[in-house]
Trainee: 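The structure is given below, and queries will be raised subsequently.
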Amino acid sequence: MQHLRHLNPAQRDAVLTPSGPLLILAGAGTGKTRVITYRMAELIRRGTPAERILSVTFTNKAAKEMQHRTAELLGKNVRKKPQVSTFHALCVRILRQDITALGYPANFTIFDRGDQESAARTALRDIRVPETSLRPGDLLSRISQWKMRNQLPPEAASSAENDLDFLGATAYRRYQANLKASAAVDFDDLLLLTVQLFDEHPEILARHQARFDHVQIDEYQDTNGTQFEIVEALVRPHGNLCVVGDDDQSIYAWRGAELRHILGFASTFPGTKVIRLEDNYRCTDEILHLANTLVRNNRNRHDKQLLPHKVGVNSVRFAAFADENAEAQNVVNDINYLVQQMNVSPSDFAILFRTNEQPRVFESELRRHRLPYIVLGSMSFFDRREIRDILAYLKVLVHREDEISLLRIINVPARGIGAGTVEKIIKRAVQNGQRFWETIPDAAAAGEIPKGTLSAIQRFQELLDRYRQRLAASPKNISGLVRDLIETIDYEGEIEKQYKEPQQQLLRSAMLDELIDSIKQYEERADEPSLSEFLEESALTGRDDEDDKEEKLSQQGIKLMTLHSAKGLEFPRVYLVGLEEGLLPHKRSIDAPVESIDEERRLAYVGITRARDYLTLSRAASRMKWGKRRPSIPSRFLFEMKGMQPQSAEQEEVIIEE
DNA sequence: AAGGAGGGTTTTTTT
DNA sequence: AACCCTCCTT
């Protein structure tokens with residue numbers, strides 16, 4: 001019990017409650033990650049085999065960290081690694097085993113966000129809905145909401161309240177059918193299909209229930225309906241479920257997260273023991289006071305009293321600048337001064353923002369000062385057109401049925417298969433209920449395909465076959481295959497055509513090198529490298545965090561990230577920027593129902609409580625938007641925070657004109 | 001079919 | 001400002 005001595009009584013209580021339903025209500029900075037890690041280690045120490053405990057975290061990064069720290073706590077006592085995974089990774093493992101029971105092939109593809117968008121576009125086109133009446137993005141979010149409520153297309157159609165909903169439900173059906181035909185599942189399907197599997201096949205559920213004696217879930221406030229159902233099903237036999245969360249930090253409602261799961265946990269699971277962690281060891285009293293003042297404006301929450309354990313002097317600053325450039329310059333100057341003159345480590349700093357468009361200015365300022373920085377969680381890498389194109393090739397190689405990816409690359413780089421022909425083939429395929437490739441002979445016979453195009457199609461098919469054979473012959477040499485593929489299709493030539501500026505060209509082909517690098521890293525890391533596993537990994541993690549390299553880098557740089565990706569992290573010095581109406585709270589939430597503002601407020605709360613010692617809240621008086629400069633109004637949250645300390649806030653505010 | 005010009009649209013957050 | 005779509009010319 002030596003290791004528990006620096007826990008407070010509440011924390012120790014949480015760690016030492018081994019069974020039954022347990023709800024740990026843990027405010028920001030109360031060490032909840034530590035508690036849940038210790039708890040897992042303690043369970044193992046008391047004799048539960050590591051592999052019989054399932055810990056679910058919110059991100060892959062958190063999973064890795066927890067696995068690492070548990071192993072550290074246990075020392076050499078345990079051979080098996082503790083099971084830690086995200087919901088999505090957990091579901092992938094379950095589905096790879098058992099999805100055939102639902103009529104999907106076991107080697108299904110996982111569609112990432114970009115694939116989903118193409119699929120949505122295709123579905124709309126198939127049912128002849130113009131994108132002007134329903135955008136693919138809007139369709140996707142509707143579909144996601146339906147799926148998170150476990151509603152299938154027919155139900156969705158019958159519960160539709162207006163024409164647009166009905167249209168959406170029809171498109172949903174088409175989208176789902178297309179995905180299934182492509183042997184593909186999207187992110188929500190991973191969860192939804194697992195729920196369906198458990199519902200329809202009790203014997204399969206029983207098998208998975210039998211694998212675990214204990215289940216723990218971190219960040220429980222962000223659980224959505226399907227995730228809840230999966231957990232509830234898994235712990236049904238024993239009720240050994242421990243959840244940790246903070247209702248004030250729920251920031252994923254738009255992804256289906258529902259506060260009622262954490263607020264109603266004790267009534268859902270009778271006999272729940274509730275433990276509150278209210279000692280904040282992270283923030284100074286000033287920072288914590290500011291956060292509490294702000295979040296108190298929310299109504300639907302557990303009122304809690306977070307106790308500070310640190311005293312700060314002038315640890316909070318407010319600043320306003322003329323525009324976003326001045327904001328970036330001043331923030332970076334400030335950091336630069338502290339790094340250069342006061343010897344503060346760059347890794348002490350984080351710049352937090354609401355939207356992904358904001359960091360650009362900061363990046364260029366940081367580069368100008370030659371300060372090391374890292375942009376976290378920007379999905380920029382796998383989101384780049386080049387990367388997506390090549391990945392689409394790879395997906396087509398592995399999954400012949402994946403027509404979404406096929407259509408993306410069938411004429412990229414241009415090879416004489418024009419849009420007109422492709423459209424004709426698709427139309428025919430949809431009419432006859434055939435697959436794309438099956439339709440081609442018919443379409444050719446009907447004279448729909450010009451001779452030149454037909455031979456181009458044949459050449460393309462031969463290319464794919466050649467690479468498929470090669471993949472079958474040497475499945476482990478993925479990086480070599482990709483390099484040759486890029487060469488064969490002359491993607492470099494495509495880049496030169498597409499981008500006129502040499503700098504752009506260089507940048508874009510560097511992306512290709514990076515892709516090959518990340519594949520090489522995967523090859524080294526994996527026990528049994530395979531292209532399909534690489535694709536699965538890159539879909540699930542978005543980007544491939546090269547473990548050590550990235551970690552080392554992240555130790556010595558200034559971190560830039562969105563408020564969403566800052567969840568669960570902490571930094572000695574935080575700059576929360578862009579506190580303006582329309583940005584934080586975001587315009588879309590201002591236009592939406594009132595509760596959305598509460599979520600934006602929680603987002604601001606999360607941002608504030610990331611700061612250990614110093615916090616700077618800044619805004620710009622004007623901002624470029626859509627190529628035009630527009631005035632920005634200070635965020636309502638600033639007034640809410642200052643409501644408690646107006647005079648000091650006013651005094652500290654400085655407007656710096658350019 | 002390809003490439004370029006011009007016009008319209010866009011920015012929430014992510015496993 | 002950056003991107004995508006459409007239309008036009010080659």
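No experiment lies behind these values; they were computed from the predicted model shown. Just so it is clear: chains get the letters A, B, ... in the order the sequence lines come, proteins before strands, and each one is counted from 1.
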Trainee: Calculate the interatomic distance between A:D218 atom CG and B:dT15 atom P; express it in whole Å.
Mentor: 15 Å
Trainee: Need one value for A:R415: base, sugar-phosphate or nothing, where a base atom within 4.0 Å counts as base even if backbone is also close, heavy atoms only.
Mentor: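 Since only primed, P, OP1 and OP2 atoms lie under 4.0 Å of A:R415, the category is sugar-phosphate.
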Trainee: Could you tell me how far apart A:K625 (NZ) and B:dT9 (P) are, to the nearest whole angstrom?
Mentor: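 So the NZ-P distance, A:K625 to B:dT9, works out to 16 Å.
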Trainee: Closer than 4.0 angstrom, basic N to acidic O: yes or no for A:D115 and A:R408?
Mentor: no
Trainee: Please give, in whole Å, the distance from B:dT14 P to A:E219 CD?
Mentor: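 Checked: the CD to P distance equals 15 Å.
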Trainee: Using a heavy-atom cut-off of 4.0 Å across all strands, would you classify A:Y252 as base, sugar-phosphate, or nothing?
Mentor: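 Sugar-phosphate contact only - A:Y252 comes under 4.0 Å of backbone atoms but never of a base.
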Trainee: Where the side chain of A:N356 is concerned, which of B:dT14, B:dT15, C:dC4 is the nearest nucleotide?
Mentor: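 Output: B:dT14.
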Trainee: Tell me, yes or no, whether the heavy-atom count around A:I590 atom CD1, taken from other residues, nucleotides or ligands under 6.0 Å, exceeds 12.
Mentor: yes
Trainee: Considering every strand and a 4.0 Å limit on heavy-atom distances, what is the contact class for A:T453: base, sugar-phosphate, or nothing?
Mentor: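 Sugar-phosphate contact only.
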Trainee: Quick one: which of B:dA2, B:dT15, B:dT13 gets closest to the side chain of A:N60?
Mentor: B:dT15
Trainee: Inspect the surroundings of CD in A:E423 and state if more than 12 heavy atoms from other residues, nucleotides or ligands are less than 6.0 Å away.
Mentor: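 No, because the 6.0 Å sphere around CD of A:E423 holds 12 heavy atoms or fewer from other groups.
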Trainee: Ignoring backbone atoms, establish whether A:T59 has a side-chain N or O less than 4.0 Å from OP1 or OP2 of B:dT14.
Mentor: no
Trainee: Flag as yes if A:F187 stacks onto the base of B:dT14 (centroids under 5.5 Å, planes under 30°), otherwise no.
Mentor: no
Trainee: Indicate, with a heavy-atom threshold strictly under 4.0 Å, whether A:G420 touches base, sugar-phosphate, or nothing.
Mentor: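 Sugar-phosphate only.
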Trainee: Distance check needed: B:dA2 P versus A:I417 CD1, whole Å only.
Mentor: 9 Å
Trainee: Scan A:N411 against the nucleic acid and name what it touches under 4.0 Å (heavy atoms): base, sugar-phosphate only, or nothing.
Mentor: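 Contact class for A:N411: sugar-phosphate only.
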Trainee: Whole angstroms only, please: what is the NE2-P distance between A:H564 and B:dT11?
Mentor: 17 Å
Trainee: May I have the distance from A:R459 (atom CZ) to B:dA1 (atom P), rounded to whole angstrom?
Mentor: 13 Å
Trainee: Okay, side chain of A:Q116, backbone of A:L140: is any donor-acceptor separation there less than 3.5 Å?
Mentor: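 Not at all, since once roles are kept as given, no pair shorter than 3.5 Å links the two residues.
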Trainee: Out of B:dG3, C:dA2, B:dT14, which nucleotide sits closest to the side chain of A:R360?
Mentor: C:dA2
Trainee: Grab the two heavy atoms, one from A:P585 and one from A:E581, that are nearest each other, plus how far apart they are.
Mentor: CD-OE2, 3.5 Å
Trainee: Check the geometry between A:W626 and B:dT9 and answer yes if their rings are stacked (centres below 5.5 Å, planes below 30°), otherwise no.
Mentor: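 Not stacked by the 5.5 Å and 30° rule.
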Trainee: Closest nucleotide of DNA chain B for A:E357 versus for A:L191: which of these residues is on the 5' side?
Mentor: A:E357
Trainee: From the list C:dC5, B:dT13, B:dT15, which nucleotide is the closest neighbour of the side chain of A:R121?
Mentor: C:dC5
Trainee: On DNA chain B, does the nearest nucleotide to A:A414 precede the nearest nucleotide to A:T562 from the 5' side, or the other way round? Give the residue.
Mentor: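 Nearest-nucleotide comparison on DNA chain B picks A:A414.
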Trainee: Check this one for me: any side-chain N or O of A:R135 less than 4.0 Å away from OP1 or OP2 of B:dT10?
Mentor: yes
Trainee: Below 4.0 angstrom from OP1 or OP2 of B:dA1, is there any side-chain N or O of A:T421?
Mentor: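 Affirmative; the distance criterion is met.
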Trainee: Please state how far atom CZ in A:R408 lies from atom P in C:dC4, giving the value in whole angstrom units.
Mentor: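 After rounding, the reported distance stands at 9 Å.
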Trainee: Are the side chain of A:S538 and the backbone N or O of A:L535 linked by a donor-acceptor pair below 3.5 Å?
Mentor: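 Yes; at least one donor-acceptor contact below 3.5 Å.
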Trainee: Rounded to whole angstroms, how far apart are CZ on A:R623 and C1' on B:dT11?
Mentor: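 Value for this atom pair: 12 Å.
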